[in-house]
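In listed order, ligands and their atoms are each counted from 1. Computed from heavy atoms alone, side chains included, the values below leave out hydrogens, waters and symmetry copies.
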Amino acid sequence: DTAAYEAAFDAAVAAEERIEPRDWMPDAYRATLVRQIAQHAHSEIIGMQPEANWITRAPSLRRKAILMAKVQDEAGHGLYLYSAAETLGTGRDELLDKLHSGRQKYSSIFNYPTLTWADVGAIGWLVDGAAITNQVPLCRCSYGPYARAMVRICKEESFHQRQGYELLLALSRGTEAQHAMAQDAVDRWWWPSLMMFGPPDAESPHSARSMAWKIKRHSNDELRQRFVDICVPQAESLGLTLPDPDLRWNEERGHHDFGPIDWTEFQEVLSGNGPCNDQRINQRRRAHEEGAWVREAAAAYAAKHGKATA
Ligand code: ACO
């Protein structure tokens with residue numbers, strides 16, 4: 001009976017055991033995981049767009065090869081995550097359909113434009129840095145397939161973060177114009193990166209439940225604070241400043257204080273009014289339509305192959 005199943009599920013979560021696809025789980029737990037994993041998967045594949053914008057204009061063969069590998073990694077991350085969602089009984093077609101029709105979200109951060117080459121560095125350093133801060137605790141998520149996907153994703157994200165940092169360092173130590181370009185990119189990406197962690201705890205409807213289920217291990221504000229504390233010394237080593245006059249070390253708290261986040265901007269981006277929302281979703285729909293022949297060919301091949309071995 002359900003009560004016994006529920007008790008076994010609660011005990012497993014309390015004992016830090018992993019919940020696996022065939023285990024009984026509450027419907028709301030499953031729905032929350034599908035929501036979060038789908039949004040995460042969509043973010044990975046939409047996230048390919050802003051950086052892919054610079055592949056043809058990378059300043060050297062080395063930079064181009066690195067950027068291509070990175071964008072390809074993001075596609076791979078999307079695939080691990082769609083596979084994790086499939087273990088919950090949700091098909092990839094269904095999830096993509098929800099993304100394309102605006103019924104599921106992707107991260108706010110990918111609705112900002114990449115105006116200069118330095119943006120590739122700022123995305124690596126700040127956006128991938130924020131992603132790692134958020135995702136390392138997800139390696140301990142109570143749902144096994146999601147936690148395991150995160151281990152590999154975090155390793156690759158660490159490489160992405162390093163390449164962004166190294167790119168910005170080269171620009172920061174370059175000519176005056178290159179330094180200014182790096183600073184401008186950091187100025188534009190800093191605040192949107194802080195928004196990636198989601199609304200403040202008091203306005204985060206899902207946090208308490210997800211933390212009790214050990215899907216989330218830390219609150220949005222905790223992770224945002226951790227990220228700020230990590231970035232301050234890194235910005236110093238880069239020779240760049242963070243665009244926040246209120247940013248200062250608070251001895252008492254043992255953390256950096258920082259200025260207020262513009263949550264109106266965040267809400268605007270979430271409701272479709274960010275600088276690139278239309279462009280991103282239209283490009284995604286177009287890529288899906290243009291890839292129809294690949295899906296058909298793969299299905300035809302699988303059908304033929306299945307018959308041959310039957
Ligand atoms: N962009 C878009 N939507 C967001 C964002 C954001 N930065 N932050 C929160 N939201 C949405 C939530 O999805 C939720 O929407 P919904 O109810 O329609 O599903 C709503 O805002 C309320 O937020 P929370 O209650 O805080 O939601 P949640 O507990 O899911 O926490 C968080 C949000 C922290 C993003 C969580 O889902 C998470 O850790 N996800 C996995 C990481 C991820 O998706 N990363 C993607 C970007 S990193 C990358 O791809 C490189």
Inset, instruction - Give a yes or no on whether a salt bridge exists between Glu166 and Arg162, defined as a side-chain N under 4.0 angstrom from a carboxylate O. - result: no

Inset, instruction - Identify whether the distance between the nearest side-chain nitrogen and carboxylate oxygen of Glu20 and Arg148 falls below 4.0 Å. - result: yes

Legend entry - Nearest candidate to atom 29 (O) of ligand 1, where distance is taken over non-hydrogen atoms, out of His42, Gln39, Lys216: Lys216

Legend entry - Side chains of Asp73 and His160, donor plus acceptor under 3.5 Å: yes

Inset, instruction - Please could you name the atoms of ligand 1 that Ala131 approaches to less than 4.0 Å, counting only its heavy atoms? - result: 48 (S), 51 (C)

Inset, instruction - Compute the shortest N/O to N/O distance between Glu74 and ligand 1 and return yes if it is under 3.5 Å, no if not. - result: no

Legend entry - ligand 1 atoms in contact with Tyr146 (distance to a heavy atom under 4.0 Å): 41 (C)

Legend entry - Test item: protein heavy atom less than 4.0 Å from atom 32 (C) of ligand 1: no

Legend entry - Polar side chain donor-acceptor pair, Gln283 to Arg280, under 3.5 angstrom: no

Inset, instruction - Would you mind telling me if ligand 1 is within reach of the side chain of Ile109, the backbone, both or neither, using heavy atoms under 4.0 Å? - result: neither

Legend entry - Atoms in ligand 1 flagged as close to Asn220, the criterion being non-hydrogen separation under 4.0 Å: 26 (O), 34 (C)

Inset, instruction - Using a strict cut-off of less than 4.0 Å between a Lys/Arg side-chain nitrogen and an Asp/Glu carboxylate oxygen, indicate whether Glu94 and Lys98 qualify as a salt bridge. - result: yes

Inset, instruction - Taking only Lys NZ, Arg NE, NH1 and NH2, and the carboxylate oxygens of Asp or Glu, determine whether Glu16 and Arg140 approach each other closer than 4.0 Å. - result: no

Inset, instruction - Report the nearest protein non-hydrogen atom to atom 22 (C) of ligand 1: residue, atom name, distance rounded to 0.1 Å. - result: Pro205 CD, 3.7 Å

Inset, instruction - Would you check if there is a donor-acceptor pair between the side chains of Tyr82 and His42 at a distance under 3.5 Å? - result: yes

Inset, instruction - Identify, for atom 47 (C) of ligand 1, the protein heavy atom at the shortest distance, and state residue, atom and that distance. - result: Ser107 CB, 3.6 Å

Legend entry - Evaluation steps, side-chain hydrogen bond (donor to acceptor under 3.5 Å, both in side chains), between His100 and Arg284: CA-CA 7 Å; His100 297 153; Arg284 174 89 274 288; 3.0 Å; yes

Inset, instruction - Just let me know how Leu223 lines up against ligand 1, side chain, backbone, both or neither, with a heavy-atom cut-off below 4.0 Å. - result: neither

Inset, instruction - Decide whether an N or O pair under 3.5 Å exists between Phe266 and ligand 1. - result: no

Inset, instruction - Step by step, work out the side-chain hydrogen bond (donor to acceptor under 3.5 Å, both in side chains) result for Gln36 and His206. - result: CA-CA 10 Å; Gln36 178 167 327; His206 304 297; over 6 Å; no

Legend entry - Short N-O contact, Glu222 and Arg226, less than 4.0 angstrom: no

Inset, instruction - Could you check which of Gln36, Met211, Lys105 puts a non-hydrogen atom nearest to atom 18 (O) of ligand 1? - result: Lys105

Legend entry - Residue Met196 vicinity, atoms of ligand 1 by number, heavy atom under 4.0 Å: 7 (N), 48 (S)

Legend entry - Heavy atoms of other groups near Arg22 CZ, more than 12 under 6.0 Å: no

Inset, instruction - Tell me whether Met68 is reachable from Val127 by hopping between hydrophobic residues (I, L, V, M, F, W, Y) whose side-chain heavy atoms are closer than 4.5 Å. - result: yes

Legend entry - Closest protein heavy atom (residue, atom, distance) for atom 24 (P) of ligand 1: Ser204 OG, 3.3 Å

Legend entry - Pair Thr116-Asp119, side-chain hydrogen bond (donor to acceptor under 3.5 Å, both in side chains): steps then yes or no: CA-CA 6 Å; Thr116 71; Asp119 289 33; 3.1 Å; yes

Legend entry - Proximity of Val269 to ligand 1 by residue part, where a heavy atom lies under 4.0 Å: neither

Inset, instruction - Drop me the distance from Glu265's CD to Leu270's CG, to the nearest 0.5 angstrom. - result: 11.5 Å

Legend entry - Per-residue contact class, Arg35 against ligand 1 - non-hydrogen pairs under 4.0 Å: side chain

Legend entry - Pro199 touching ligand 1 at heavy-atom level, < 4.0 angstrom: yes

Legend entry - Heavy atom of the protein closest to atom 21 (O) of ligand 1 (residue, atom name, distance): Leu270 CD2, 3.9 Å

Legend entry - Protein residue, atom and distance nearest to atom 17 (O) of ligand 1, heavy-atom basis: His206 NE2, 2.6 Å

Legend entry - Salt-bridge criterion met for Arg224 and Asp221 (N-O under 4.0 Å): yes

Legend entry - Test item, Gln135 contacting ligand 1 (heavy atom, 4.0 angstrom): yes

Inset, instruction - Provide, to 0.1 Å, the distance between atom 7 (N) of ligand 1 and the closest protein heavy atom, together with that atom's residue and name. - result: Ser108 OG, 3.1 Å

Legend entry - ligand 1-proximal atoms of Met195, by part, heavy-atom distance under 4.0 Å: backbone

Inset, instruction - Provide, to 0.1 Å, the distance between atom 39 (O) of ligand 1 and the closest protein heavy atom, together with that atom's residue and name. - result: Asn134 ND2, 3.0 Å

Inset, instruction - Run the numbers for me: atoms of ligand 1, each under 4.0 Å from some heavy atom of Gly198, listed by number. - result: 8 (N), 9 (C)

Legend entry - Enumerated ligand 1 atoms positioned under 4.0 Å from heavy atoms of Phe197: 34 (C)

